[in-house]
Undergrad: 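Questions regarding the structure given below will be posed in turn.
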Amino acid sequence: MGLLAEGTALDWPDAQKYADQVREWGIKMLAGLTTGLQQLLEIWNKAKTKERDALLWGDEVEYLVVTYSKDEPKVLLSLRQADILTALAADEELSNQGGGVPAIQETQSQHSNPLPVFHPEFGRFMLEATPGKPWGIGFKELLGVEPDMKLRRKIAIEHMKSNEYPITLTTFPRLGVPGVFTDPYYPASGSKLRSQFVPDEIANPHIRFPTLAANIRWRRGRKVQVNVPVFHDKNTPNPWKDPSVNYDLHQWPEDDDVRNGASPDNFIHMDAMAFGMGSCCLQITFQAKNITEGRKMYDQLSPIGPIMLALTAATPIYKGFLADTDVRWNQISRAVDDRTKEELGEEPLKHSRWRIPKSRYASNSTYISTDNRLRPEYLDQDLIIDENIKDKLMEGGMDDRLATHFAHLFIRDPIVIFAEDLEELDMSKADHFENIQSTNWQHMRFKPPPAGSDIGWRVEFRPMEIQITDFENAAFSVFMVLITRAILSFDLNFYIPIAKVDENMETAHARDAVLNKKFYFRKNPFPTRPARGGGASGTSTPMGVSRPPTPTGPVEDEYALMSIDEVINGSHSEDNEFPGLIPIVESYLDSVNVDVQTRCELATYLDLIRRRASGKLWTAARWIRDFVDRHPGYQHDSAVGDEVTKDLVGSVIDITDREQEGKGWKGLDVPNLEKLLGKFRGGCR
Ligand code: GLU
Ligand code: MG
């Protein structure tokens, strides 16, 4: 999450009543869009030839903050985000060492080894933490991530009350359950969110967040509709009706939504942005050496997105019920879906400009690289773009492909506009562009250098779910860095049609997708090089295997359906030969100079990924399901009550406490911990 601007956020006008206001809003929005466009061109022109930036990367960890005590019957979400951040900001020792909260400018810290930095997030019960400065190219730096993540957790705890804990579960199992689930308690049904289930106070009170939530709802013309299929256990009625839905509420017009069918049978029904953006993830941002490399990274990492989503699955519970899905993605997507009925295709187009197939939060819809291996067949022929914006970008000198990408982002309205920003339309800033960019939550984000900084072109990898321990979060971060390095070093090619990436994203939601589902993946990732003396002979690959060149034939022949195990660990069956991402990373490590010690430490991370993919270890989603299932307080009716939740969160706290102590799992009474994590991380010393 970026820095938060101060100002007066404009409310979306009530379209029915204030036609003038709507028109005025339209004009303001257009001013925002046009300025955004000009700002983008400014940035692009300045930075398109920027060369040889350092290959840096950074990770972002998001936390839930809970109040937990062994003697209290309930674990609650703590809404003290602001106080915790204030405590962090006031800690001089921390800020003297470059840590705490970020400086006002996005400049790099003066410290050679700055302490971690904390940021607010959407939920008032959330925190985000990043390293004090980006990680560099060195292999040893990869080993700094886990200690840094542990340090973040330690620092966070030191600035909380003694009964507060930062935990890295993706969602709080009891968010939105009738009754008390926050500390302090606030009643639901506030004027901003108008949610039956969560209070307005659930969101970060900075004006951006409630405005974001309210304007999404206004634009959409009804509340967001976050429905997740319920998991049917042996005592779950069929059909199942969400028992917490109140059909008799008449406080806001939006209370009609449920009477109009917003809460269908067999779905857990949620109705506010907080149910999505209150979820936690693990994001990795890479700085490329130049724009060309950044564009390539963006494309090549795209098809890996759904694979990593399925592999990091950690979200089996919503609003007190077991869901039939394992990941958070679609729920966030629905929680910020501001499309009108016309854009959704539910009504004929009258006021809206397009039918838009996806939410603002969704898998990305186009490739952007200048790589000549990008075949036109991979692209979506029906991609919705703002032609006018595209023309302007191309008139400004941008190439077709990149202009298409940005013209697609610009089909979305800016949802939060500050009155002050419209008074002076400043082309040297990026605020209006960032406004569009930062509310296009795609699974990859291509980030131009911020105005007035020495930061380069960056690519953000966004699909991964946060993991319970720092060991796992470090492992997934390190894996992503290594596969990215291998992509660049071996010039790998993971292109498949972008529509197949979409399909994979859906597939990743299934319960235990990691074990039971198959994903489209490119069969031959190796570059083809013209054979010496011409002729279409085989190529020698980094794995030392000879392969035929990439076919120029039908695109369908280039990919196959593979299990996550095959994608990650490789497959050598007759009908599918794929090297596997881990073996590719291993051969990359063989090709560079890594000392024995470092190699051994990295191997423990790769081993976790390998075993998660093969099913030898469980995903967090599977482990949580097992925890609930074996708990005596669970009635096998899909309902996850306070007692179960308290024990689950208690166990999660115990696990990370043990991790901090570094003393192993021995004596820890947590069922099937070794199924999740394996033996306690031994280390190579
Ligand atoms: N928490 C969101 C997620 O789980 C991401 C928010 C952000 O972009 O920082 O995907
Ligand atoms: Mg974040």
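All residue numbers refer to positions in the sequence shown, counting from 1. In this text the structure is predicted, and so the values were computed from the model without any measurement. Read the numbers this way: they start at 1 and go in the same order the structure lists the ligands and their atoms.
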Undergrad: May I have the step-by-step check of side-chain hydrogen bond (donor to acceptor under 3.5 Å, both in side chains) for Glu164 and Tyr68, ending in yes or no?
TA: CA-CA 6 Å; Glu164 281 172 331; Tyr68 167 88; over 6 Å; no
Undergrad: Measure the distances from the heavy atoms of Tyr361 to every atom of ligand 1 and state whether one is below 4.0 angstrom.
TA: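 Tyr361 counts as a contact of ligand 1 under the 4.0 Å cut-off.
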Undergrad: Using a 4.0 Å cutoff against the non-hydrogen atoms of Cys281, which atoms of ligand 1 qualify?
TA: 2 (C), 3 (C), 4 (O), 5 (C), 10 (O)
Undergrad: With atoms numbered from 1 as shown, which atoms in ligand 1 lie under 4.0 angstrom from a non-hydrogen atom of Ile332?
TA: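 Those of ligand 1 that fall under 4.0 Å from Ile332 are 3 (C), 4 (O), 10 (O).
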Undergrad: Between Arg153 and Asp470, does any NZ, NE, NH1 or NH2 come within less than 4.0 Å of an OD or OE carboxylate oxygen?
TA: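 Salt bridge present between Asp470 and Arg153.
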Undergrad: So His159 and Asp91, side-chain hydrogen bond (donor to acceptor under 3.5 Å, both in side chains) or not? Walk me through it.
TA: CA-CA 9 Å; His159 294 81; Asp91 183 336; 2.7 Å; yes
Undergrad: Looking at Lys161 and Asp183, is there a salt bridge between them, counting it only when a charged N and a carboxylate O are closer than 4.0 Å?
TA: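 Lys161 and Asp183: not salt-bridged.
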Undergrad: Using a 4.0 Å cutoff against the non-hydrogen atoms of Glu121, which atoms of ligand 1 qualify?
TA: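 Ligand 1 atoms under the 4.0 Å threshold to Glu121: 6 (C), 7 (C), 9 (O).
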Undergrad: Report, in ascending order of atom number, the atoms of ligand 1 lying under 4.0 Å from any heavy atom of Arg462.
TA: 8 (O)
Undergrad: Is there a nitrogen or oxygen of Trp441 sitting under 3.5 Å from a nitrogen or oxygen of ligand 1?
TA: no
Undergrad: If you round to 10 degrees, what value do you get for the angle at the Mg ion (ligand 2) between Glu128 atom OE1 and Glu121 atom OE2?
TA: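 Nearest ten degrees: 100°.
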Undergrad: Would you mind running through ligand 1 and noting each atom that sits below 4.0 Å from a heavy atom of Glu128?
TA: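 Close to Glu128: 9 (O).
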Undergrad: For N/O/S atoms only: which one belongs to Glu62 and is nearest the Mg ion (ligand 2)?
TA: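 Minimum-distance N/O/S atom of Glu62 relative to the Mg ion (ligand 2) is OE2.
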Undergrad: Output yes when the distance from some N or O of ligand 1 to some N or O of Glu62 is under 3.5 Å, and no in every other case.
TA: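 By distance alone, the answer is yes.
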Undergrad: With a 6.0 Å cut-off on the ring centroids, do His405 and Tyr298 count as close?
TA: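 Yes, ring centres under 6.0 Å apart.
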Undergrad: Which pair of non-hydrogen atoms, one from Lys517 and one from Ala510, has the smallest distance, and what is that distance?
TA: CE-CB, 3.6 Å
Undergrad: Look at ligand 1 and say whether Gln283 reaches it with a heavy atom at a distance under 4.0 Å.
TA: yes
Undergrad: Donor-acceptor pair, Arg220 side chain versus Lys223 backbone, under 3.5 Å?
TA: yes
Undergrad: Do the two ring centres, one from Trp329 and one from Tyr361, sit under 6.0 Å apart?
TA: yes
